[in-house]
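Below, chain A is the first sequence line, B the second, and so on; all start at residue 1.
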There are 2 protein chains.
Amino acid sequence: MPKVGMEPVRRKALVDAALRVIGDHGSLSVTMSEIAKQAGVSPALAHHYFGSKEQLLIETIRSLLKQLRDDAVTALKAARTPREKLSALIRVSFQADQFAPQTIAAWLAFYAEAQRSEETRRFLMIYARRLRSNLVANLKPLCPADAAEHIAEGAAAMIDGLYIRQSLRSAPVSIEASIALTEDYVSMQLGRVGI
Amino acid sequence: MPKVGMEPVRRKALVDAALRVIGDHGSLSVTMSEIAKQAGVSPALAHHYFGSKEQLLIETIRSLLKQLRDDAVTALKAARTPREKLSALIRVSFQADQFAPQTIAAWLAFYAEAQRSEETRRFLMIYARRLRSNLVANLKPLCPADAAEHIAEGAAAMIDGLYIRQSLRSAPVSIEASIALTEDYVSMQLGRVGI
DNA sequence: TTTTATTGATTGATCAGTCAATCAAAATTA
DNA sequence: TAATTTTGATTGACTGATCAATCAATAAAA
């Protein structure tokens, strides 16, 4: 079997499998066996490449974050004005694959894990700060600095809150409605101070 | 030992212990032993009274919810006008003990669990709906019905989002700031349509 | 031959859940 | 009142299952 150079292929397959299994299962209490099976390899191989379950999970959240960042970068590049960039950030947050039940379930599981794992928390803090600073940067040209901080805080909270509420599938707020709600908040706050 | 009538005492002690252990641990992956130890009884007794770990956890979330409801009822009674009642609802959501790191960690853990446990999800949906309908009921006197739904959705999302972000302890938004942010949102939305 | 990839089998630890036994208060009987 | 029975409370010890992690063995490429 051993074609040389399988390592990156296997690593990716395992990380993707982990994300899928976690999303389906809605929890980090998934077994290495499940993940390995999903990736089509033996559990032993997962340990061989990642050393431990924890390490595999760390890589998994890292990949989730990278995906989000790449999307944000692309969306920001496509937008011209600060106001357009704000809309782009909101749209990226609610894009279909991010808002899929499994993805939301995975995020939630990682947030819970962050209560225990320092490293997981670090990653989620990076996400939170990035969203915030992206928002602030594009709000500052449109309003006073202190207002920008304030609005960014509120918008970020609303985005995260819409995720949480989506996870219950109780009163499913559609993607469009979620975007509208957040856009509305930002527009109204900006309207208060001009533009 | 057997003084008769220990059952309710033990049940409460175990539920409280579970909440504490879950909050400290930041996860539902806590052992019956830990919970029982915290309650000062043997693991076997926990099983005796609750039958299973799952059942104990269900009772635990039920108690968390009851606490919140009682507080809300009290706060609503003390407020007079609809606008005051809205403020009361916001204040209750962010009251100190609810906003304590351990309580937030427990909520988060239950949200994650809700992905798997139908019953847990039911409870959380009750919370979500209750908050929403309380908000709507007190918004309706102040604005058109469709606006009330819209504002309630946004405010509820913001509240939940502020919780989530609090759980990371990254950019700790104080209780007062959280209340202010939500109040601000509601006031501004209402300002748009009068009052 | 050496190196890389891969797995089956195994181990050790952890836990939920069970059960038989004990202890002491309360109820009943003498 | 004293003796006896009943019942609720409680636990230690055990079991069976699950799982992360290890390792020695194998297979194929280089």
Side-chain angles (χ1 to χ4, degrees), chain A residues 1-22 24-61 109-110 112-113 115-120, chain B residues 1-22 24-61 109-110 112-113 115-120:
Chain A
M1 284 170 219
K3 273 180 291 189
V4 155
M6 291 306 285
E7 177 157 355
V9 176
R10 294 303 189 205
R11 290 188 90 99
K12 181 168 185 339
L14 283 163
V15 164
D16 290 352
L19 193 55
R20 224 170 316 141
V21 172
I22 290 168
D24 287 340
H25 205 272
S27 154
L28 294 197
S29 295
V30 295
T31 66
M32 288 296 259
S33 298
E34 279 176 282
I35 296 172
K37 190 175 182 182
Q38 176 74 221
V41 299
S42 77
L45 194 64
H47 273 98
H48 173 66
Y49 282 127
F50 289 93
S52 72
K53 182 183 174 185
E54 181 164 4
Q55 203 49 47
L56 171 52
L57 295 184
I58 296 287
E59 295 300 322
T60 303
I61 186 177
F110 281 117
E113 173 71 6
Q115 302 298 311
R116 270 172 305 161
S117 156
E118 187 59 36
E119 197 156 6
T120 302
Chain B
M1 280 175 222
K3 274 180 293 193
V4 152
M6 290 306 283
E7 177 156 355
V9 177
R10 295 304 189 205
R11 290 187 88 98
K12 182 171 185 332
L14 282 163
V15 164
D16 289 352
L19 193 54
R20 225 170 316 139
V21 172
I22 290 167
D24 286 340
H25 207 272
S27 153
L28 295 196
S29 296
V30 296
T31 66
M32 288 297 257
S33 299
E34 279 176 282
I35 296 172
K37 191 175 183 182
Q38 176 75 222
V41 299
S42 75
L45 194 64
H47 274 99
H48 173 66
Y49 282 127
F50 289 93
S52 72
K53 182 182 173 186
E54 180 164 5
Q55 203 49 46
L56 170 52
L57 295 185
I58 296 286
E59 294 301 322
T60 304
I61 186 176
F110 282 117
E113 174 71 6
Q115 300 299 311
R116 267 173 304 162
S117 155
E118 187 60 35
E119 197 156 8
T120 302

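- In this structure, B:L14 atom CG and D:dA9 atom P are separated by 13 Å, rounded to whole Å.
- Residue B:H47 contributes atom NE2, which lies 15 Å from atom C1' of D:dA13 at whole-angstrom precision.
- Two residues are said to be in side-chain contact when any heavy atoms from C-beta on lie closer than 4.5 Å; A:M32 and A:L56 meet this criterion.
- Between C:dT6, C:dT18, D:dT10, one nucleotide has an atom nearer to the side chain of B:L45 than all others, and that is D:dT10.
- A:F50 comes within 4.0 angstrom of nothing in the nucleic acid, heavy atoms only.
- Closest to the side chain of A:M32, from the set D:dA20, C:dG17, D:dT10, is D:dA20.
- In this structure, the side chains of B:L57 and B:I22 come closer than 4.5 Å at one or more pairs of heavy atoms.
- The side chain of A:M6 has C:dA5 as its nearest neighbour among D:dT11, C:dA5, C:dG17.
- For the OP1/OP2 pair of D:dT10 and a distance below 4.0 Å, the side-chain nitrogens and oxygens of B:R10 include at least one atom meeting the criterion.
- Among the atoms of the strands shown, only primed sugar atoms or phosphate atoms (P, OP1, OP2) are found under 4.0 Å from some heavy atom of B:V30.
- Contact of the A:E34 side chain with the A:H25 side chain is registered, since non-hydrogen atoms from C-beta on lie closer than 4.5 Å.
- One atom, CG of A:L28, and another, P of D:dA20, lie 12 Å apart when rounded to the nearest Å.
- Regarding A:E54, its CD atom lies at a distance of 18 Å from the P atom of D:dC19, rounded to whole Å.
- Two residues, B:P8 and B:A44, neighbour DNA chain D, and the one matched to the more 5' nucleotide by heavy-atom proximity is B:P8.
- Taking atom NZ of A:K37 as the reference point, atom P of C:dT6 lies 19 Å away to the nearest angstrom.
- Rounded to whole Å, the distance from CD on B:E7 to P on D:dT10 is 10 Å.
- Rounded to an integer number of Å, the gap from B:Y49 OH to D:dA9 P is 4 Å.
- Note: CD1 (B:I35) to P (C:dG17) measures 11 Å, nearest angstrom.
- Residue contacts shown for B:T31 are limited to sugar-phosphate atoms, with no base heavy atom under 4.0 Å away.
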Inset, instruction - Take A:V15 and A:F50 through the side chain to side chain contact (heavy atoms under 4.5 Å, CB included) test and state the conclusion after the steps. - result: CA-CA 10 Å; A:V15 164; A:F50 289 93; 3.9 Å; yes

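- Atom CD of A:E54 is surrounded by 12 or fewer heavy atoms from other residues, nucleotides or ligands within 6.0 Å.
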